[in-house]
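All remarks here apply to the structure that follows.
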Amino acid sequence: MHFPEADFARSTPERMGIESGAIAAVLDAIVREQKDIHSMLVLRGGVLVHEQYFAPYTREMQHDMFSCSKTFTSMLIGIAQGKGLLRLEERVCSFFPEIPVEHPSANLDAMTIRDLLVMGTGHAEDVSGVVMRPDQPDWARVFLNQPVEYVPGTHFAYNTAATYMLSAILTKVTGRTALELAREWIFSRIGIEGASWESCPRGISLGGTGLRVRPVDMARFGMLIANEGVWRGERVVPAEYIREARTAQIDNRGKNPDPNWNAGYGYQMWQCSFGPFRADGMGGQFIVIDLERDLVVVFTSALGADIGVPLKYIENILLPGVHAEALPEDATAQAALLRRARELADPAPSAAPEGMPWGEYALEENPLGIARLGWSQDEISLERQGAVLRAPYRWGAPVVTSLPVEQAGALGAHAPELAVTGLVGSTPCVRVNAVGSPFTLYIALEAGEEGLDAVLRHTVWGSARVRVRKL
């Protein structure tokens, strides 16, 4: 495996046994299906075969990892165990003797670090919404006071609060945050710089979410795991821990109709139904590791209910174009791929569709909370929860705008930077991205049964079709 220093080794796809046409077909599918994917990186043997950013995203932009953060936390636990700072068999309660438990139980007392890792805490359902609240000063105390209905290790319930507890345990045994540990134990070893990690009211890294790195950093991390914890000949993570982490450790069948969320769960990593394993984050953040084919594939995205689309692209389009041996160079296919990649990284604006119903509109009450919409040929405005957002846009090419926080709040964005694009398809719409996150809003105006309707879709808040009244 080639390990990058300042940058990755690069190769044509064919030299690494991958058809350029297969990569191009993935890009075509993304465009044809209008999937809001922000980056795609394909590596084989540590060699960067294709690196794609979709405008306005670039190589240096960090991206929210959401639950991909969990896999980073897991590797820190593996390192801590290797250093003798903790054991997976140790009981969770033993790290927090100062926390009073109002209703002690045998199940709570039996919960171990390993149970946290495999999402087998014994809780009947995810307790994150109760535990991880900004107005709650002590998340560990709330966690330890939740009912534990099942014997730990016997019941899978995906639970971001469990990963927070792993982060809290790391802080207990080291006196340092998971971010500080990651910088020393992992990031400085494999060349990741500038990472940030959100923290709880007590300053503990969230663990299960909140990490921000670049897609190329995700690729480095994936290579570390693929090589069983060794980087350029030096041990970073214990190999035996990684072997356990990548293997299904608990039965999660029946929890999700998609087979890629039913194939087994390891130590904060998912099994794919088609063979590989992965780090997986809300909105379509993926580090997919295929040991059989020596592949690491990274996606960052803003996908909602169709979060599994990148996995389907890998299984059904990319992998059929991956071969055991090098292929003859295909200059025509390589040139077509390069041309397509450049178009997507720096698209040209286009003319607005004819007959667009420009104007200012009041919307009926809707679950997304959008009360007003203004749409002209080059500006979009919307009012939500009293905040008003105004941003310019172009058709076919995103316009990035830095907005005051109170305006960006109309989209629920933490960072006040938005990218707005007019999309032309069967129904023209405008797409509003909170840059670097999976929070994306789509807005279209369509003829309804009794007049004009606004068709709204947000990757987190959901969707709605509501009547509008022109102002």
Side-chain angles (χ1 to χ4, degrees), residues 3-8 39 41 46 59-86 95 113 116-117 132 139-140 160 163-239 241-242 245 267-269 279 281 285 287 289 296 298 300 414-415 436-437:
F3 290 93
E5 294 183 2
D7 203 352
F8 294 92
S39 70
L41 281 67
R59 180 180 241 239
E60 296 308 313
M61 283 187 179
Q62 291 187 332
H63 205 282
D64 285 331
M65 291 292 93
F66 284 87
S67 287
C68 266
S69 309
K70 292 178 170 66
T71 310
F72 288 80
T73 301
S74 174
M75 293 302 110
L76 294 176
I77 290 289
I79 296 170
Q81 178 174 250
K83 292 178 177 291
L85 299 173
L86 53 78
F95 293 95
I113 292 177
L116 297 176
L117 284 167
M132 302 177 70
W139 292 4
T160 298
T163 320
Y164 169 78
M165 293 301 290
L166 293 172
S167 178
I169 288 170
L170 286 167
T171 298
K172 272 282 189 176
V173 299
T174 66
R176 304 167 69 194
T177 67
L179 176 59
E180 293 169 332
L181 296 174
R183 285 171 174 163
E184 179 184 342
W185 291 354
I186 299 176
F187 297 166
S188 65
R189 309 282 297 279
I190 69 174
I192 295 177
E193 297 180 352
S196 62
W197 211 330
E198 293 179 46
S199 58
C200 76
R202 291 201 165 188
I204 298 168
S205 300
L206 298 188
T209 188
L211 179 64
R212 289 178 62 88
V213 297
R214 302 174 303 163
V216 289
D217 299 327
M218 298 167 67
R220 287 173 179 263
F221 185 65
M223 287 175 58
L224 175 68
I225 295 174
N227 204 45
E228 295 190 342
V230 171
W231 189 268
R232 300 182 66 83
E234 295 186 4
R235 171 68 55 193
V236 178
V237 187
Y241 180 86
I242 288 182
Y267 295 164
Q268 309 282 288
M269 285 195 283
Q285 325 316 318
I287 307 171
I289 300 167
V296 174
V298 168
T300 58
H414 295 297
S437 86

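What you see is a predicted model, and the numbers here were worked out from it, not measured in a lab. Note: hydrogens, waters and symmetry copies are ignored here, and every other heavy atom, side chains too, is used.
Using modelled atom types and a 3.5 Å distance limit, the side chains of S74 and Y241 yield a donor-acceptor pair. In the model, Q268 has no side-chain atom that pairs as donor or acceptor with a side-chain atom of T73 under 3.5 Å.
When Q62, E60, H63 are each tested for a side chain to side chain donor-acceptor pair (under 3.5 Å) with R214, only one passes: E60.
Counting heavy atoms from C-beta on, the side chains of Q285 and D64 never come closer than 4.5 Å. Between D7 and R59 there is a side-chain heavy-atom pair separated by less than 4.5 Å. Counting heavy atoms from C-beta on, the side chains of I186 and I79 come closer than 4.5 Å. Within the 4.5 Å cutoff, no side-chain heavy atoms of T71 are placed close to those of I287. Proximity of M218 to T300: side-chain heavy atoms (C-beta onward) are separated by under 4.5 Å at one or more points. Contact check for F8 versus V216: side-chain heavy atoms found under the 4.5 Å cut-off. Put simply, the side chain of T209 does not reach to within 4.5 Å of the side chain of E198, judged on heavy atoms.
To the nearest 0.5 Å, atoms CG (L181) and CG (L170) are separated by 6.0 Å. Taking CG of L166 as the start and CG of L86 as the end, the distance is 9.0 Å to the nearest 0.5 Å. With rounding to the nearest 0.5 angstrom, the CD1 atom of I204 is 9.5 Å from the OG1 atom of T177. The line from CD1 of I77 to CD1 of I113 is 5.5 Å long, rounded to the nearest 0.5 Å.
When all heavy atoms of P215 and V298 are compared, the closest pair comes out as O-CG1, 4.0 Å. Shortest non-hydrogen contact noted between C200 and L206 is N-CD2, 3.6 Å. Of all heavy-atom pairs between R220 and W231, the closest is O-CZ3, 3.3 Å.
In terms of modelled atom types and a separation under 3.5 Å, the side chain of S69 and the main chain of M65 share no donor-acceptor contact. Judged by distance alone, with hydrogens and angles left aside, the side-chain atoms of T171 form a donor-acceptor pair with the main-chain N or O of S167 at under 3.5 Å. S67 places no side-chain N or O within donor-acceptor distance of the main-chain N or O of K70, the cut-off being under 3.5 Å. Using a distance-only test at 3.5 Å, with no hydrogens or angles considered, a donor-acceptor pair links the side chain of S205 to the main chain of L179.
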For residues 221-230, which side-chain donor-acceptor pairs fall under 3.5 Å, sequence neighbours excluded?
| from | atom 1 | to | atom 2 | distance (Å) |
| --- | --- | --- | --- | --- |
| N227 | ND2 | V230 | O | 3.0 |
| E228 | OE1 | R243 | NE | 3.4 |
| E228 | OE1 | R243 | NH2 | 3.2 |
| E228 | OE2 | R243 | NE | 3.3 |
| E228 | OE2 | R246 | NH1 | 3.0 |
| E228 | OE2 | R246 | NH2 | 3.2 |

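The stretch residues 182-197 participates, sequence neighbours left out, in these side chain to side chain donor-acceptor pair (under 3.5 Å) pairs: R176-E184.
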